[in-house]
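Both ligands and their constituent atoms are indexed starting at 1 by order of listing.
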Amino acid sequence: MNSNPTSFPRRKFFQTGLALGAAGLAASAARISAQEKAPLKGRPVAISSANGLRATDKAMELIKSGADTLDAAIAGVNIVEEDPNDMSVGYGGLPNERGVVELDACVMHGPTYRAGAVAALQNIKTPSKVAKEIMERTNHLLMVGAGALEFAKLVGFKEENLLTEPAREAWLKWRSNLNKEDNWLGDDDRHAGFFERPTGTINCCTFNEKGDLSGCTSTSGLAFKIPGRVGDSPIIGAGLYVDNAVGACGSTGFGEAVILSSGSRTVVENMRHGMKPETAILDVLRRICEQTVAKRLLRARGKPKFDVNFYAINKAGEYAGGAIYKGGKYAVHDGTKNLLRDSVYVHDDAK
Ligand code: GLY
């Protein structure tokens with residue numbers, strides 16, 4: 001199975017769902033890998049969700065050639081946004097409940113403390129580039145829906161159909177079950193379903209030898225969402241936060257939980273107060289677990305039905321990825337190697 005619930009290659013989508021780990025101990029103590037204990041200092045870093053190995057490679061190539069850290073992160077993310085085989089991001093992303101692809105993205109530039117974001121954007125393959133245009137060309141930070149599309153066209157983006165055949169077929173299959181697996185809550189919360197659903201996304205954060213940080217997050221959001229639903233990915237402080245004096249963090253996974261916890265900002269604040277990236281991430285993941293109390297979001301033994309992942313770098317170039325459940329991975333290029341590494345985690349299994 002695909003062990004990272006943030007990435008959903010089309011062939012595996014309906015086979016895997018969000019099954020999170022098969023076996024393991026009941027203990028909830030987090031594990032910190034040897035990798036996280038031996039960070040590489042003074043080197044550039046590009047870190048990403050597990051679907052971002054090509055993104056970290058591209059970002060590092062650009063960082064080494066002297067590119068701005070934000071341009072490097074966006075160029076990496078663009079590879080995945082334009083890839084129809086990643087059904088969680090950009091072109092080929094899974095659509096909303098009406099079969100329309102709606103994209104969310106944000107960017108944040110550490111050296112100038114600026115950000116841009118776009119939500120519920122239709123018909124543009126690369127929402128991360130639109131977010132950067134909003135940052136650079138306007139006094140605004142977040143634009144949504146029809147206004148965002150109009151802005152994108154005015155600055156030169158071309159409209160395209162983003163719904164690929166595999167995504168349309170996946171939507172049709174889901175549509176045939178509508179009312180059993182939709183997002184509408186019934187009068188009686190106990191009967192309202194929370195069905196594990198892809199929330200795949202890409203985040204990429206970058207760090208150069210000068211110590212500058214930037215980040216970019218992009219997604220097609222929760223598959224088959226109610227039209228207009230916006231997740232964490234375009235929310236500065238939730239799906240991404242960069243403080244050039246402290247560090248950067250981005251997220252993938254169940255966006256509602258990340259928004260509620262102000263996830264990425266809280267990870268960065270934890271690092272500001274001295275926590276290493278892995279500790280800062282685990283603190284927020286544990287809080288998300290503790291604060292998830294709605295029955296429809298909980299498994300029989302009280303663990304969340306969803307997963308959340310964070311990816312963080314601090315000002316020393318130390319980095320980590322973390323998830324609620326064991327089995328998560330993240331991509332990282334440390335200037336010499338570009339690898340998928342194991343994320344630290346809160347729970348051994350999803351029982
Ligand atoms: N993390 C992506 C979303 O929930 O939309």
*Using a strict 4.0 Å cut-off to heavy atoms of Thr201, name the atoms of ligand 1 that fall inside it.*
1 (N), 2 (C)

Would you mind writing out the side-chain donor-acceptor pairs for residues 119-127 within the sub-3.5 Å range, not counting sequence neighbours?
{"unit_1": "Gln122", "atom_1": "NE2", "unit_2": "Glu102", "atom_2": "OE2", "d": "3.4"}
{"unit_1": "Asn123", "atom_1": "ND2", "unit_2": "Glu159", "atom_2": "OE1", "d": "2.7"}
{"unit_1": "Lys125", "atom_1": "NZ", "unit_2": "Glu160", "atom_2": "OE1", "d": "3.3"}

*Of the side chain and backbone of Lys225, name the one, both, or neither that has a heavy atom under 4.0 Å from an atom of ligand 1.*
neither

*What are the atoms of ligand 1, with element, lying closer than 4.0 Å to any heavy atom of Leu222?*
5 (O)

*Taking every non-hydrogen atom, the tightest pair across Ile202 and Val80*: CD1-CG2, 3.5 Å

*In ligand 1, which numbered atoms sit nearer than 4.0 Å to a non-hydrogen atom of Ser233?*
1 (N), 2 (C)

*Using a strict cut-off of 4.0 Å, indicate which atoms of ligand 1 neighbour a heavy atom of Gly221.*
5 (O)

*Using a strict cut-off of 4.0 Å, indicate which atoms of ligand 1 neighbour a heavy atom of Gly231.*
5 (O)

_Polar atom proximity, Thr252 to ligand 1 (N or O, under 3.5 Å)_ = no

*Is it true that the side chains of Ser233 and Asp104 contain a donor and an acceptor less than 3.5 Å apart?*
no

_One thing to verify: whether Glu61 and Lys58 come together as a salt bridge, which I'm taking to mean a side-chain N less than 4.0 angstrom from a carboxylate O._
yes

*Short list, please: which atoms of ligand 1 are under 4.0 Å from a heavy atom of Gly253?*
1 (N), 2 (C), 3 (C), 4 (O)

*Do the side chains of Ile134 and Phe151 get nearer than 4.5 Å, heavy atoms only?*
yes

*Assess Arg229 for proximity to ligand 1: is some non-hydrogen atom of it under 4.0 Å away?*
yes

*Could you list all the salt bridge (charged side-chain N to carboxylate O under 4.0 Å, His left out) pairs where at least one residue sits in residues 68-82, not counting sequence neighbours?*
Asp71-Lys132

*For Lys303 and Asp349, indicate whether the former's side chain and the latter's backbone hold a donor-acceptor pair under 3.5 Å.*
yes

